Q: 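Please see the structure below; I have some questions.
Since we're looking at a predicted model, the values are computed, not measured.
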Amino acid sequence: MTAPSSDQTSITNDRYYTRVSTQPALIDRAEPTVWGSESSAGMYGAQELRGHEVNGFSQVPDLLNPDEVAGYAAELDRLAHDPLIRADDRCIIEKNSDEVRSIFEVHTISDAIARLVRDERVVGRARQILGGDVYVHQSRINYKPGFGGGGFYWHSDFETWHAEDGMPTPRAVSCSISLTENYAYNGCLMIMPGSHRTFVSCVGETPEDNYRSSLKEQEIGTPDPDSITALANRHGIAMLTGKAGSATFFDSNCMHGSGDNITPYPRSNIFIVFNSVENTCVEPYYAPTRRPEYIGARDFTPVR
(Lines give C-alpha, C1' and ligand atoms only; values in the text may rest on other atoms or scores of the structure.)
Protein backbone atom coordinates (compact mmCIF):
# COMPACT_ATOMS: atom_id res chain seq x y z
CA MET A 1 0.00 0.00 0.00
CA THR A 2 1.14 3.50 -0.71
CA ALA A 3 0.57 6.71 1.18
CA PRO A 4 -0.45 9.89 -0.61
CA SER A 5 2.49 11.31 -2.51
CA SER A 6 3.87 14.71 -1.56
CA ASP A 7 2.91 16.01 -5.02
CA GLN A 8 -0.70 14.97 -4.61
CA THR A 9 -1.13 16.20 -1.06
CA SER A 10 0.39 19.55 -2.00
CA ILE A 11 -2.17 19.87 -4.81
CA THR A 12 -5.23 18.58 -2.97
CA ASN A 13 -4.39 18.82 0.74
CA ASP A 14 -6.48 15.68 1.01
CA ARG A 15 -5.47 12.23 2.15
CA TYR A 16 -8.19 10.61 0.04
CA TYR A 17 -7.38 12.22 -3.28
CA THR A 18 -8.94 10.57 -6.32
CA ARG A 19 -9.67 11.29 -10.00
CA VAL A 20 -6.78 13.77 -10.17
CA SER A 21 -3.83 11.55 -11.06
CA THR A 22 -2.96 9.44 -14.07
CA GLN A 23 -1.90 6.64 -11.72
CA PRO A 24 -4.08 4.78 -9.20
CA ALA A 25 -2.89 4.44 -5.61
CA LEU A 26 -3.69 2.37 -2.54
CA ILE A 27 -3.92 4.62 0.53
CA ASP A 28 -4.07 3.48 4.14
CA ARG A 29 -7.17 4.60 5.97
CA ALA A 30 -6.56 6.95 8.91
CA GLU A 31 -9.88 6.74 10.79
CA PRO A 32 -11.41 3.90 12.82
CA THR A 33 -14.27 1.83 11.48
CA VAL A 34 -16.17 1.47 14.76
CA TRP A 35 -16.48 4.68 16.75
CA GLY A 36 -18.75 3.40 19.50
CA SER A 37 -18.46 0.43 21.87
CA GLU A 38 -20.52 -2.34 23.39
CA SER A 39 -21.29 0.05 26.24
CA SER A 40 -22.87 2.49 23.76
CA ALA A 41 -26.63 2.36 23.35
CA GLY A 42 -27.26 -0.24 20.65
CA MET A 43 -27.81 -3.89 19.87
CA TYR A 44 -24.25 -5.00 19.07
CA GLY A 45 -22.09 -6.84 21.56
CA ALA A 46 -18.33 -6.58 21.86
CA GLN A 47 -17.65 -9.55 19.59
CA GLU A 48 -19.92 -8.23 16.85
CA LEU A 49 -18.27 -4.82 16.95
CA ARG A 50 -14.80 -6.39 16.81
CA GLY A 51 -15.88 -8.38 13.78
CA HIS A 52 -17.22 -5.24 12.12
CA GLU A 53 -13.95 -3.41 12.81
CA VAL A 54 -11.88 -6.23 11.32
CA ASN A 55 -14.04 -7.18 8.34
CA GLY A 56 -15.75 -3.87 7.61
CA PHE A 57 -19.21 -5.42 7.74
CA SER A 58 -21.58 -7.33 10.00
CA GLN A 59 -24.68 -9.38 9.25
CA VAL A 60 -27.97 -9.54 11.15
CA PRO A 61 -29.75 -12.72 10.03
CA ASP A 62 -33.30 -11.92 11.23
CA LEU A 63 -33.61 -8.16 11.39
CA LEU A 64 -37.15 -8.35 9.97
CA ASN A 65 -39.72 -11.03 10.70
CA PRO A 66 -41.69 -12.72 7.87
CA ASP A 67 -44.74 -10.46 8.27
CA GLU A 68 -42.53 -7.37 8.05
CA VAL A 69 -40.79 -8.75 4.98
CA ALA A 70 -44.14 -9.31 3.28
CA GLY A 71 -45.27 -5.79 4.12
CA TYR A 72 -42.14 -4.12 2.80
CA ALA A 73 -42.13 -6.32 -0.31
CA ALA A 74 -45.67 -5.15 -1.06
CA GLU A 75 -44.53 -1.55 -0.57
CA LEU A 76 -41.66 -2.03 -3.03
CA ASP A 77 -44.05 -3.49 -5.56
CA ARG A 78 -46.42 -0.54 -5.11
CA LEU A 79 -43.64 1.99 -5.58
CA ALA A 80 -42.28 0.26 -8.68
CA HIS A 81 -45.67 0.38 -10.39
CA ASP A 82 -46.64 3.91 -9.41
CA PRO A 83 -46.62 5.93 -12.68
CA LEU A 84 -45.85 9.18 -10.88
CA ILE A 85 -42.76 7.66 -9.26
CA ARG A 86 -41.61 6.07 -12.52
CA ALA A 87 -41.73 9.52 -14.11
CA ASP A 88 -39.69 11.07 -11.28
CA ASP A 89 -35.93 11.69 -11.56
CA ARG A 90 -35.50 9.67 -8.37
CA CYS A 91 -36.54 6.53 -10.26
CA ILE A 92 -33.73 4.86 -12.21
CA ILE A 93 -34.60 2.45 -15.03
CA GLU A 94 -32.36 -0.46 -16.04
CA LYS A 95 -29.98 0.40 -18.86
CA ASN A 96 -31.15 -2.48 -21.07
CA SER A 97 -34.81 -2.87 -20.12
CA ASP A 98 -37.89 -1.04 -18.88
CA GLU A 99 -37.50 -2.49 -15.37
CA VAL A 100 -37.02 -0.24 -12.35
CA ARG A 101 -33.43 -0.49 -11.06
CA SER A 102 -33.55 1.87 -8.06
CA ILE A 103 -35.73 4.50 -6.41
CA PHE A 104 -33.82 7.12 -4.42
CA GLU A 105 -34.79 9.18 -1.37
CA VAL A 106 -37.34 6.51 -0.69
CA HIS A 107 -37.68 7.34 3.01
CA THR A 108 -39.26 10.65 1.99
CA ILE A 109 -41.66 8.93 -0.42
CA SER A 110 -42.78 5.99 1.71
CA ASP A 111 -44.08 6.32 5.29
CA ALA A 112 -43.33 2.64 5.86
CA ILE A 113 -39.66 3.03 4.97
CA ALA A 114 -39.45 6.27 6.95
CA ARG A 115 -40.52 4.26 10.02
CA LEU A 116 -37.90 1.61 9.20
CA VAL A 117 -35.17 4.27 9.13
CA ARG A 118 -36.14 5.30 12.67
CA ASP A 119 -36.39 1.71 13.91
CA GLU A 120 -33.83 1.13 16.67
CA ARG A 121 -32.90 -2.22 15.13
CA VAL A 122 -31.60 -0.17 12.20
CA VAL A 123 -30.58 3.32 13.32
CA GLY A 124 -29.47 2.06 16.75
CA ARG A 125 -26.83 -0.14 15.15
CA ALA A 126 -25.70 2.73 12.92
CA ARG A 127 -25.33 5.04 15.92
CA GLN A 128 -23.32 2.41 17.75
CA ILE A 129 -20.96 1.86 14.82
CA LEU A 130 -20.49 5.58 14.13
CA GLY A 131 -20.34 6.67 17.75
CA GLY A 132 -23.29 9.07 18.04
CA ASP A 133 -26.05 10.78 16.14
CA VAL A 134 -26.50 10.03 12.46
CA TYR A 135 -28.51 11.38 9.55
CA VAL A 136 -29.59 9.74 6.29
CA HIS A 137 -27.09 10.57 3.56
CA GLN A 138 -28.92 8.43 1.03
CA SER A 139 -31.79 5.96 0.88
CA ARG A 140 -33.00 3.84 -1.98
CA ILE A 141 -34.62 0.59 -2.90
CA ASN A 142 -32.80 -1.67 -5.33
CA TYR A 143 -34.64 -4.06 -7.60
CA LYS A 144 -32.70 -6.80 -9.33
CA PRO A 145 -35.34 -8.68 -11.31
CA GLY A 146 -34.74 -12.15 -12.67
CA PHE A 147 -33.55 -12.60 -16.23
CA GLY A 148 -31.64 -9.36 -16.57
CA GLY A 149 -31.23 -7.39 -13.36
CA GLY A 150 -27.99 -5.49 -13.81
CA GLY A 151 -25.02 -5.80 -11.47
CA PHE A 152 -22.84 -3.20 -9.77
CA TYR A 153 -19.14 -3.21 -10.67
CA TRP A 154 -16.49 -3.23 -7.91
CA HIS A 155 -16.35 0.10 -6.11
CA SER A 156 -16.03 1.89 -2.79
CA ASP A 157 -19.06 4.05 -2.00
CA PHE A 158 -16.88 6.47 -0.07
CA GLU A 159 -14.82 7.19 -3.18
CA THR A 160 -17.94 8.54 -4.90
CA TRP A 161 -19.40 10.21 -1.81
CA HIS A 162 -16.08 11.95 -1.18
CA ALA A 163 -15.48 12.98 -4.78
CA GLU A 164 -19.02 13.95 -5.78
CA ASP A 165 -20.92 14.62 -2.52
CA GLY A 166 -18.18 16.16 -0.37
CA MET A 167 -18.16 13.59 2.43
CA PRO A 168 -14.96 14.36 4.37
CA THR A 169 -14.04 10.95 5.84
CA PRO A 170 -15.34 7.37 5.72
CA ARG A 171 -17.41 7.76 8.89
CA ALA A 172 -20.56 6.37 7.30
CA VAL A 173 -22.24 2.97 7.25
CA SER A 174 -24.72 1.40 4.86
CA CYS A 175 -27.55 -0.92 5.85
CA SER A 176 -28.81 -3.30 3.17
CA ILE A 177 -32.00 -5.14 4.16
CA SER A 178 -32.95 -8.08 1.94
CA LEU A 179 -36.56 -8.62 0.99
CA THR A 180 -35.84 -11.69 -1.11
CA GLU A 181 -33.62 -14.71 -0.67
CA ASN A 182 -29.99 -13.92 -1.48
CA TYR A 183 -28.36 -16.81 -3.30
CA ALA A 184 -24.80 -17.04 -4.54
CA TYR A 185 -26.22 -17.11 -8.07
CA ASN A 186 -28.81 -14.28 -8.18
CA GLY A 187 -26.50 -11.30 -7.92
CA CYS A 188 -25.80 -11.28 -4.18
CA LEU A 189 -23.66 -8.63 -2.53
CA MET A 190 -19.92 -9.42 -2.61
CA ILE A 191 -17.47 -7.72 -0.24
CA MET A 192 -13.71 -8.04 0.19
CA PRO A 193 -13.40 -8.43 4.00
CA GLY A 194 -10.84 -5.98 5.36
CA SER A 195 -10.71 -3.90 2.18
CA HIS A 196 -12.26 -0.97 4.07
CA ARG A 197 -8.83 -0.24 5.52
CA THR A 198 -7.52 0.75 2.07
CA PHE A 199 -8.75 3.64 -0.06
CA VAL A 200 -8.33 3.13 -3.80
CA SER A 201 -7.55 6.38 -5.58
CA CYS A 202 -9.10 6.15 -9.06
CA VAL A 203 -8.14 7.76 -12.35
CA GLY A 204 -10.34 9.80 -14.68
CA GLU A 205 -11.92 13.20 -14.06
CA THR A 206 -15.56 13.54 -13.04
CA PRO A 207 -17.68 14.81 -15.94
CA GLU A 208 -20.60 17.18 -15.50
CA ASP A 209 -23.77 15.38 -14.34
CA ASN A 210 -21.89 12.11 -14.01
CA TYR A 211 -24.67 10.74 -11.82
CA ARG A 212 -27.06 10.50 -14.78
CA SER A 213 -25.07 7.62 -16.26
CA SER A 214 -23.31 6.27 -13.14
CA LEU A 215 -26.57 5.31 -11.44
CA LYS A 216 -27.23 2.90 -14.30
CA GLU A 217 -23.66 1.77 -14.87
CA GLN A 218 -20.70 3.28 -13.04
CA GLU A 219 -17.55 3.94 -15.03
CA ILE A 220 -15.85 6.95 -13.40
CA GLY A 221 -14.73 6.17 -9.85
CA THR A 222 -14.24 2.47 -10.44
CA PRO A 223 -10.93 0.89 -9.45
CA ASP A 224 -8.43 -0.31 -12.00
CA PRO A 225 -7.99 -4.08 -12.50
CA ASP A 226 -4.59 -4.20 -10.77
CA SER A 227 -5.95 -2.55 -7.61
CA ILE A 228 -8.97 -4.87 -7.55
CA THR A 229 -6.70 -7.88 -8.02
CA ALA A 230 -4.34 -6.75 -5.24
CA LEU A 231 -7.23 -6.31 -2.77
CA ALA A 232 -8.87 -9.60 -3.78
CA ASN A 233 -5.59 -11.49 -3.37
CA ARG A 234 -5.06 -9.88 0.03
CA HIS A 235 -8.58 -10.17 1.43
CA GLY A 236 -10.55 -12.69 -0.59
CA ILE A 237 -14.20 -12.24 -1.56
CA ALA A 238 -17.19 -12.96 0.69
CA MET A 239 -20.53 -13.73 -0.97
CA LEU A 240 -23.24 -12.48 1.38
CA THR A 241 -26.13 -14.87 1.03
CA GLY A 242 -29.10 -15.18 3.37
CA LYS A 243 -32.83 -15.33 3.68
CA ALA A 244 -35.31 -12.51 3.29
CA GLY A 245 -35.32 -10.25 6.33
CA SER A 246 -31.56 -10.43 6.84
CA ALA A 247 -29.45 -7.28 6.86
CA THR A 248 -25.85 -6.33 6.25
CA PHE A 249 -24.23 -3.23 7.74
CA PHE A 250 -21.06 -2.34 5.86
CA ASP A 251 -18.48 0.41 5.99
CA SER A 252 -18.57 3.13 3.36
CA ASN A 253 -15.08 2.23 2.12
CA CYS A 254 -15.63 -1.52 1.63
CA MET A 255 -14.73 -2.75 -1.82
CA HIS A 256 -17.93 -4.40 -2.98
CA GLY A 257 -20.04 -5.20 -6.00
CA SER A 258 -22.56 -7.66 -7.38
CA GLY A 259 -23.07 -9.59 -10.59
CA ASP A 260 -25.94 -9.57 -13.05
CA ASN A 261 -28.97 -11.67 -12.19
CA ILE A 262 -29.64 -14.12 -15.03
CA THR A 263 -31.65 -16.49 -12.83
CA PRO A 264 -35.45 -16.56 -12.45
CA TYR A 265 -35.08 -15.43 -8.83
CA PRO A 266 -35.33 -11.68 -8.18
CA ARG A 267 -33.25 -9.92 -5.56
CA SER A 268 -34.51 -6.71 -3.95
CA ASN A 269 -33.36 -4.74 -0.94
CA ILE A 270 -33.85 -1.55 1.03
CA PHE A 271 -30.62 0.42 1.24
CA ILE A 272 -30.04 3.14 3.86
CA VAL A 273 -26.82 5.12 4.27
CA PHE A 274 -26.20 6.69 7.67
CA ASN A 275 -23.52 9.35 8.05
CA SER A 276 -22.25 10.79 11.33
CA VAL A 277 -23.47 14.30 12.13
CA GLU A 278 -19.78 15.02 12.82
CA ASN A 279 -18.96 14.13 9.20
CA THR A 280 -21.46 16.26 7.28
CA CYS A 281 -20.80 16.90 3.62
CA VAL A 282 -19.08 19.98 2.26
CA GLU A 283 -18.56 20.94 -1.38
CA PRO A 284 -17.50 18.09 -3.69
CA TYR A 285 -13.81 17.32 -3.53
CA TYR A 286 -13.43 16.13 -7.13
CA ALA A 287 -16.55 17.03 -9.10
CA PRO A 288 -17.66 20.28 -10.76
CA THR A 289 -21.00 20.40 -8.92
CA ARG A 290 -22.90 18.60 -6.18
CA ARG A 291 -25.13 15.69 -7.04
CA PRO A 292 -28.87 16.24 -6.46
CA GLU A 293 -29.99 16.11 -2.84
CA TYR A 294 -32.05 13.00 -3.45
CA ILE A 295 -28.73 11.20 -4.02
CA GLY A 296 -26.51 13.01 -1.50
CA ALA A 297 -28.54 14.68 1.24
CA ARG A 298 -27.88 18.21 2.49
CA ASP A 299 -30.36 17.91 5.36
CA PHE A 300 -28.16 16.86 8.27
CA THR A 301 -30.98 16.53 10.81
CA PRO A 302 -30.28 13.57 13.14
CA VAL A 303 -32.63 10.61 12.87
CA ARG A 304 -34.98 10.53 15.85
Side-chain angles (χ1 to χ4, degrees), residues 56-57 72 75-76 79 85 88-92 100-110 112-119 122-123 125-127 129-130 133-144 152-153 155-179 189 191 196 206 209-218 220-222 247-254 256-258 268-287 289-303:
F57 68 91
Y72 286 115
E75 179 70 349
L76 263 65
L79 294 168
I85 292 176
D88 194 294
D89 284 346
R90 291 173 290 186
C91 183
I92 310 301
V100 174
R101 179 178 176 90
S102 301
I103 300 173
F104 281 80
E105 206 176 42
V106 69
H107 71 294
T108 70
I109 299 172
S110 165
I113 295 177
R115 290 192 296 272
L116 182 62
V117 166
R118 298 191 300 269
D119 193 312
V122 178
V123 69
R125 286 183 165 92
R127 290 192 191 106
I129 291 169
L130 300 180
D133 282 339
V134 297
Y135 71 94
V136 176
H137 173 71
Q138 183 186 104
S139 73
R140 67 178 188 262
I141 45 180
N142 292 324
Y143 302 84
K144 188 175 282 191
F152 292 85
Y153 192 69
H155 65 286
S156 151
D157 288 327
F158 174 65
E159 194 277 342
T160 295
W161 299 339
H162 186 63
E164 299 186 43
D165 296 339
M167 185 178 289
T169 69
R171 192 176 177 178
V173 66
S174 299
C175 174
S176 176
I177 303 172
S178 300
L179 298 181
L189 176 66
I191 294 181
H196 62 298
T206 310
D209 292 340
N210 180 52
Y211 72 92
R212 294 189 182 278
S213 59
S214 68
L215 297 181
K216 296 185 178 184
E217 183 176 14
Q218 185 170 350
I220 300 299
T222 55
T248 301
F249 289 78
F250 63 99
D251 184 83
S252 59
N253 193 47
C254 281
H256 66 289
S258 65
S268 60
N269 68 301
I270 301 171
F271 189 83
I272 307 161
V273 180
F274 295 101
N275 189 25
S276 169
V277 296
E278 298 177 20
N279 191 45
T280 55
C281 293
V282 294
E283 291 303 306
Y285 285 81
Y286 305 105
T289 57
R290 301 175 183 174
R291 298 194 297 176
E293 291 194 24
Y294 65 82
I295 303 174
R298 293 285 159 169
D299 180 352
F300 308 136
T301 305
V303 176

Q: Is a side-chain donor or acceptor of Arg298 paired with a backbone partner of Val282 at a separation under 3.5 angstrom?
A: yes
Q: Which word best sums up how the rings of His256 and His155 line up, parallel for under 30°, tilted for 30 to 60°, or perpendicular for over 60°?
A: tilted
Q: For residues Val277 and Phe300, report the shortest heavy-atom separation together with the two atoms involved.
A: CG1-O, 4.0 Å
Q: Once you round to the nearest 0.5 Å, how far does CG of Leu76 lie from OH of Tyr143?
A: 4.0 Å
Q: With rounding to the nearest 0.5 angstrom, report the SG to CD distance, Cys281 to Glu164.
A: 12.0 Å
Q: Would you name the heavy atoms of Phe271 and Ser176 that are closest together and state the gap between them?
A: CD1-CB, 4.1 Å
Q: Using the side-chain hydrogen bond (donor to acceptor under 3.5 Å, both in side chains) rule, pick out the option among Arg140, Arg90, Gln138 that qualifies with Glu105.
A: Arg90
Q: How long is the span from the NE2 atom in His137 to the CG atom in Asp299, to the nearest 0.5 Å?
A: 12.5 Å
Q: Thr108 versus Tyr294: any side-chain heavy-atom pair under 4.5 Å?
A: no
Q: With a 4.5 Å limit on heavy-atom distance, are the side chains of Ile177 and Leu116 in contact?
A: yes
Q: Closest heavy-atom contact between Pro168 and Tyr285?
A: CA-OH, 3.5 Å
Q: Locate the shortest heavy-atom distance separating Phe274 from Leu130; write the atom from each residue and the value.
A: O-CD1, 3.5 Å
Q: Tell me the closest heavy-atom pair linking Pro170 and Phe158, and the distance in Å.
A: N-CE1, 3.5 Å
Q: Exactly one of Asn279, Asn275, Asn253 should register a side-chain hydrogen bond (donor to acceptor under 3.5 Å, both in side chains) with Thr169. Which one does?
A: Asn279
Q: What residues form a side chain to side chain contact (heavy atoms under 4.5 Å, CB included) with Arg118, not counting sequence neighbours?
A: Ala114, Arg115, Val303
Q: Just wondering, do Val117 and Val136 contact through their side chains at under 4.5 Å, heavy atoms?
A: yes
Q: Hey, does Ile141 have a side-chain heavy atom less than 4.5 Å from the side chain of Glu75?
A: no
Q: Could you go step by step and tell me if Arg127 and Asp133 meet the side-chain contact (heavy atoms from CB on, under 4.5 Å) rule?
A: CA-CA 6 Å; Arg127 290 192 191 106; Asp133 282 339; 4.1 Å; yes
Q: Kindly indicate whether the side chain of Asp89, heavy atoms from C-beta on, has any atom under 4.5 Å from the side chain of Pro292.
A: no
Q: Give, for atom NZ of Lys144 and atom CZ of Phe152, the distance between the pair rounded to the nearest 0.5 Å.
A: 6.5 Å
Q: With rounding to the nearest 0.5 angstrom, report the OG to CD1 distance, Ser139 to Ile272.
A: 7.0 Å
Q: Please assess Asn269 against Ser178 for the test side chain to side chain donor-acceptor pair (under 3.5 Å), listing each intermediate value before the final yes or no.
A: CA-CA 4 Å; Asn269 68 301; Ser178 300; over 6 Å; no
Q: About how many Å separate SG of Cys254 and CD1 of Ile191, when rounded to the nearest 0.5 Å?
A: 5.0 Å
Q: Quick check: closest heavy atoms across Ile129 and Phe249, and the distance to 0.1 Å?
A: CD1-CB, 4.2 Å
Q: Restricting to side chain to side chain contact (heavy atoms under 4.5 Å, CB included), what partner residues turn up for Thr248, sequence neighbours left out?
A: Phe57, Gln59, Leu189, Leu240, Phe250
Q: Verify side-chain contact (heavy atoms from CB on, under 4.5 Å) between Tyr286 and His162, making sure each step is shown before the conclusion.
A: CA-CA 8 Å; Tyr286 305 105; His162 186 63; 3.9 Å; yes
